[in-house]
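Just below is one structure, and these are the notes that go with it.
All of these numbers come straight from a predicted model, not from anything done at the bench. No hydrogens, no waters, no symmetry mates; every other heavy atom, side chains included, goes into these values. Here is the naming used below: chain letters follow the sequence lines, and residue numbers restart at 1 for every chain.
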Amino acid sequence: MSVITEDKVKRTWGYVAEFDTAASVYEAAKAMREGGYRRWDVHSPFPIHGMDGAMGLGPSFLSRIVFCGGLAGSLTALLLQFGTQVGLYPTIVQGKPDNLFTIPAFFPVTFELTILFSAFTILFSLLVIIRLPRLHHPLFESKLFTGFSDDKFIISVEARDPKFAREGTREFLQSIGAKQVELVEEEL
Amino acid sequence: MSTQPQVEQDLRGVAREPLVLSGRDYKWITNRICGVVENKQPLIWWLVAVPGALLSLVLLFTLVYLVSTGVGVWGLNQPIAWGWDITNFVFWIGIGHAGTLISAILFLTRQKWRTSVNRAAEAMTLFAVVCAGIYPGFHVGRFWMVWFLAPVPNANAIWQNFKSPLLWDVFAVSTYFTVSVIFWYIGLIPDLATLRDRCKPGLKKALYGIFALGWRGGNRQWRHYEMGYLLLAALSTPLVLSVHSVVSFDFATSVVPGWHTTIFPPYFVAGAIFGGFAMVLTLMIPCRAIYGLHDMLTPKHIDNMTKIIVLTGTIVGYAYLMELFIAFYGGNPFEVDAFHMRTVSGPYVWSYWAMMFCNVIAPQAFWIPWCRKNLVVVMCVCMCVNTGMWYERFVIIATTLARDFLPGQWGYYEPTWVEIAMFVGSHGLFLFLFAMFIRFLPMIAISEVKGVLPQSDPHYHPAH
Amino acid sequence: MNEHHSKKDLPEGGELFDSSKVGPLKALLGLVGGVCLTATLIILFTFSRSGGEEPKLGDWASYSYLFAVIFFFTLAVGGLFWTILHHATNSGWGIVVRRQMENIAGLIPWVFALMIPFFFSQVRDDLWEHEPLYRALVAKTEPEVTAALKKDHEHWKHEVAAWTEKAESARKVVSAGKASAGEKATFEVRLKEAEGALSLIKASEPTEASVRGKLQGKANHLLAQKWNLYFHFSKPRLIAYAVVFILMVGLLRKWSITTDKEGGERLFLRSRYWSCFFLLPFGVGFTFLVIDFLMALNWEWFSTMWGVYLFAGAALNSMALLIIVVTLLRENGYLQKVVSPEHYHLMGKLLFAFCVFWAYIAFIQFFLIWYANIAEETRFYLLRNAEWWNAASIFLVVGHFFIPFVILLWRPVKKNPRLISMVGVWCLLMHALDIYWIVIPERAPSLTAGNSPRLWSGEAVILDLIAFLGVGCTLAYIFLEKLKGVSLYPCRDPRLNESINVVN
């Protein structure tokens with residue numbers, strides 16, 4: 001579906017459809033899922049409660065990754081402290097032994113590093129999962145789309161979706177309550 | 001409507017008050033908050049930012065003077081080797097704890113009213129931690145040797161003492177700063193996208209665009225984003241608890257009477273929440289008036305925060321009295337004398353009672369509803385609390401050190417002009433940074449405030 | 001999505017507990033409770049030593065009884081805490097389970113009734129040794145001095161025998177001449193040591209004068225602690241705690257039950273108003289009660305954290321008990337329409353939060369005392385790390401914190417009534433261990449005035465068990481009795497709808 005105008009090659013990316021209220025986009029999302037669409041999304045100014053269920057998405061799996069990150073932090077801290085305090089440079093100060101029984105004194109740093117590693121894991125794995133940073137995206141070409149960060153609710157459907165049809169999808173979007181629908185094209 | 005008698009549902013005292021007043025919609029919220037960044041700043045902003053910048057220069061000057069001359073320019077000496085520097089460090093770090101704690105704990109406990117204050121509280125946190133970091137950083141004397149605090153292999157094959165509370169401080173405070181930045185920044189991403197989408201193409205749009213990372217607000221992003229935010233809140237809460245606990249370990253692990261007491265850690269944490277809410281109110285009440293945020297920062301918000309202040313103030317009071325009681329109960333003569341000199345006969349008695357008045361007595365005004373509604377009273381009490389929290393640290397540090405075990409070692413401590421100038425300068429830096437924050441970033445979390453409007457519930461149907 | 005219920009679907013007047021169904025259970029509880037409690041009380045008061053005799057059964061049982069009463073006191077008072085907190089924070093989520101919080105709190109008057117034995121010196125003198133000591137010092141009575149002298153003398157003989165044996169064994173090696181030169185030198189040093197110690201010990205044979213001096217030293221410490229000021233009022237204080245706590249729970253429960261009949265917001269607002277004020281006497285009363293009862297078990301020891309530590313355990317385990325009670329009611333067909341997995345999720349989160357809070361407080365109290373290493377403070381932990389108590393301490397860290405922590409991290413557990421109740425049962429067991437660990441290690445050293453070679457007396461465990469069963473079954477019986485007659489949830493509370501439909 002590529003169109004050549006002058007020297008720019010454009011390809012249909014998909015549709016964006018605008019909705020006015022959270023309630024209407026919620027119903028529309030349910031209809032989209034029942035309509036069998038796969039590559040689509042709901043863009044909203046804030047996370048809508050219950051939208052995961054409406055779109056048929058499960059709970060996020062981020063927490064499991066973070067658990068591993070935290071564990072790595074604990075182990076790093078213990079290794080660092082036991083390695084330096086017991087192995088490399090044992091010092092008997094504060095009347096505390098230089099063996100395993102010093103572990104209460106190692107607790108604060110262990111705790112801090114656990115949190116630090118977990119937090120970094122959250123930041124980086126979150127960015128990887130949601131595929132950011134991506135400074136440019138075909139959606140940003142759309143006039144309708146930018147409303148998502150203000151007061152509009154947008155459903156976007158990609159042309160890559162197997163159910164996508166140039167006319168059928170537009171009509172479908174209108175039938176589920178879209179106020180406006182716009183075709184989005186991307187430059188190649 | 002149903003014919004059932006539903007009297008009990010529409011009662012005055014039971015109804016939940018709306019979090020955003022005047023039935024404001026999404027558009028209004030976006031315009032109002034972004035307007036603060038996009039429009040010209042009012043005169044009063046300049047009256048804060050410019051003196052703030054000048055005072056920051058004073059701070060810079062004193063730091064240069066300190067480094068070029070030596071730590072002796074501070075009034076520290078035996079027996080009082082910690083004075084205003086550590087007092088100010090703990091003071092700022094206490095304020096710095098409040099922001100993240102407020103926004104994380106209130107998030108975990110599903111207190112939706114947090115949305116109007118959390119952004120500013122978190123910003124306040126970061127700036128306060130910056131101010132706090134200056135003191136121990138420069139207390140080492142040779143600032144360029146600060147890297148010795150980090151466990152880096154070095155030519156001397158010496159390693160840090162991981163059994164030392166001061167080293168825990170290094171880890172705790174730096175972790176805290178890093179995690180707070182992450183927490184704050186992740187919260188900012190959707191709002192930066194809003195600012196990006198409102199800008200005309202140009203440098204501003206590019207900068208906001210870069211920091212917004214290309215946020216598209218899709219639910220496939222939101223669901224992971226929300227989980228990430230929740231996890232960060234869940235991590236930040238014990239983190240803040242641990243950091244202020246670690247700060248209290250600096251004192252409580254010692255055997256010094258007046259410092260070694262087991263209630264110190266939770267009492268420091270309660271104090272941080274207490275002082276933090278007071279500082280948030282101190283900053284937000286003027287902002288609310290200047291930028292017209294009354295519909296988002298409603299009397300209900302202020303009422304809630306004042307109630308937390310009276311609660312935590314009372315907890316702090318409990319800790320003060322418990323310390324006194326246990327000194328009396330335990331009968332350790334040194335402990336008894338330490339508290340006797342704090343409260344009755346020592347050289348710093350005035351500071352103890354100033355603390356008592358500001359932290360325990362003044363907030364009790366908030367039991368009275370009229371005081372919670374009257375902003376002048378609220379501001380006065382909050383200023384009291386801000387002062388009182390500084391005194392608390394001063395009482396703990398100076399009073400205790402001034403009267404050690406041996407009467408021959410007793411001394412008295414007074415700050416030098418350098419210490420005073422640094423303290424004033426750090427306030428300037430704090431205000432300057434806060435003014436910059438107001439100028440360039442949305443000071444209320446736009447997306448979160450929108451999320452608590454009644455029409456944001458997908459099951460919402462407007463009343464007939 | 002879960003369907004939205006409203007009050008229309010619910011029976012008018014709420015759900016009533018059918019007492020006839022639990023008849024056999026009640027009879028069993030009543031029987032076991034009655035028998036065990038009577039047995040404990042008889043043992044407490046008839047087999048009590050007088051003066052400086054060897055400890056008798058009743059003296060060992062004093063600790064058992066304290067352990068049992070304090071365990072159930074923390075649970076009941078935790079119920080009061082959650083009720084007050086729910087009102088004071090203007091919450092809505094927990095209305096449907098609030099009646100059960102109130103029922104748990106409703107045990108408070110009965111727990112205070114069970115505290116009556118603590119007014120009598122047969123029990124007091126075993127638990128709080130400063131009292132007989134102080135009396136003896138003030139009155140300078142002879143039996144105490146004679147008893148202390150006898151005890152010191154026995155201890156002295158024991159020491160002499162031990163060192164003589166050491167000296168003899170070393171002498172044998174030295175005089176036998178079979179050992180190598182190095183070994184011989186070692187044993188010569190040992191012999192010298194033993195002989196030196198022996199001569200020192202022999203020289204310090206306790207006499208009446210030395211015992212008096214020692215007692216006077218303790219007296220000075222006691223007087224320095226101003227015990228004469230604080231401690232003289234411990235009985236009036238106990239009455240004051242009882243009045244304050246019974247008043248708070250009585251009022252809140254009465255207002256709640258009256259609202260079932262009259263509806264409206266009048267008493268709802270009144271409860272909210274007063275609950276804010278109740279927080280203060282609750283905190284102060286609880287703190288000083290646990291200081292009087294538990295911290296005073298060893299009068300030389302103190303910790304400013306003590307009240308907070310006990311409070312953390314009380315709130316945590318009262319929530320565990322609440323979860324179990326609600327689940328048991330649901331298993332028997334009650335509360336089906338009002339309590340949903342969302343409520344379990346919320347209660348599970350609170351359980352988790354307090355599990356962490358308890359660990360934080362417990363760790364810090366230990367940590368600061370361990371780190372600073374001041375003699376009068378470390379005694380508490382030294383005792384609890386000696387012999388097998390060490391295993392109990394370590395198990396407490398694992399069982400009271402790590403196990404529930406890891407399990408409760410997992411969301412499905414918090415939403416599943418059966419699983420979360422099992423975690424609750426585990427928490428209660430750990431709480432029992434916690435209280436046991438606080439009370440019982442003091443027993444042997446106190447009763448035998450530090451001369452006991454062992455800290456653990458296995459036989460006394462039977463007494464602990466009987467006391468625990470007696471107090472526990474009696475209170476469970478009373479609890480079942482309390483369920484009768486009033487709705488199992490506040491059926492006309494103005495926030496009921498909000499609570500039923502809570503989503504988190």
Of all heavy-atom pairs linking T194(B) and S149(A), the shortest is OG1-O, 3.1 Å
Part of M55(A) within contact of chain B (heavy atom distance under 4.5 Å): side chain
Under 4.5 Å from any heavy atom of chain A - which part of I210(B): both
Let me know if V42(A) has heavy atoms under 4.5 Å from chain B in its side chain, its backbone, both or neither. both
Engaged part of P104(A) at the chain B interface, taking heavy atoms whose separation is under 4.5 Å: neither
By a 4.5 Å heavy-atom criterion (distance strictly below it), what part of L235(B) contacts chain A: side chain, backbone, both, or neither? both
For the residue pair E112(A) and S242(B), confirm or rule out a side-chain donor-acceptor distance under 3.5 Å. yes
Would you please test K27(B) and D150(A) for side-chain contact (heavy atoms from CB on, under 4.5 Å) and show each step? CA-CA 6 Å; K27(B) 192 118 207 140; D150(A) 184 7; 2.7 Å; yes
Answer with side chain, backbone, both or neither: which region of Y176(B) has an atom nearer than 4.5 Å to a non-hydrogen atom of chain A? neither
Side chain, backbone, both or neither: which part of E226(B) has a non-hydrogen atom closer than 4.5 Å to chain A? side chain
How close do G214(B) and L132(A) get, counting heavy atoms only, and between which atoms? O-CD2, 3.5 Å
Is there a side-chain contact (heavy atoms from CB on, under 4.5 Å) between F153(A) and Y26(B) once you walk through the steps? CA-CA 11 Å; F153(A) 302 86; Y26(B) 302 131; 3.8 Å; yes
Checking I158(B) against chain A: side chain, backbone, both or neither under 4.5 Å from a heavy atom? both
For F140(A) versus W215(B), what's the shortest heavy-atom pair and its separation? CZ-O, 3.9 Å
Criterion side-chain contact (heavy atoms from CB on, under 4.5 Å) on I115(A) and V179(B), from CA distance to verdict: CA-CA 8 Å; I115(A) 299 283; V179(B) 175; 4.2 Å; yes
Relative to chain B, which segment of T102(A) carries a heavy atom at a distance below 4.5 Å: side chain, backbone, both, or neither? side chain
Would you mind checking which part of Q160(B) comes under 4.5 Å of any heavy atom in chain A, side chain (CB onward), backbone (N, CA, C, O), both or neither? backbone
Proximal component of L116(A), with respect to chain B [non-hydrogen, under 4.5 Å]: both
Where does S164(B) contact chain A at under 4.5 Å (heavy atoms): side chain, backbone, both or neither? both
side-chain contact (heavy atoms from CB on, under 4.5 Å) between D52(A) and W222(B), intermediate numbers included: CA-CA 9 Å; D52(A) 293 351; W222(B) 273 125; over 6 Å; no
Measure distances from I122(A) to the heavy atoms of chain B and classify the residue's part below 4.5 Å as side chain, backbone, both or neither. side chain
Go through the atoms of I154(A) and report whether side chain, backbone, both or neither lie under 4.5 Å from a heavy atom of chain B. neither
Okay, A234(B) and chain A: the region with an atom under 4.5 Å from a heavy atom over there is neither
Does the plane of the ring in H459(B) sit parallel, tilted or perpendicular to the ring in Y26(A)? Use 30° and 60° as the thresholds. perpendicular
Contact summary for L239(B) and F111(A), nearest pair of heavy atoms: CA-CE2, 4.0 Å
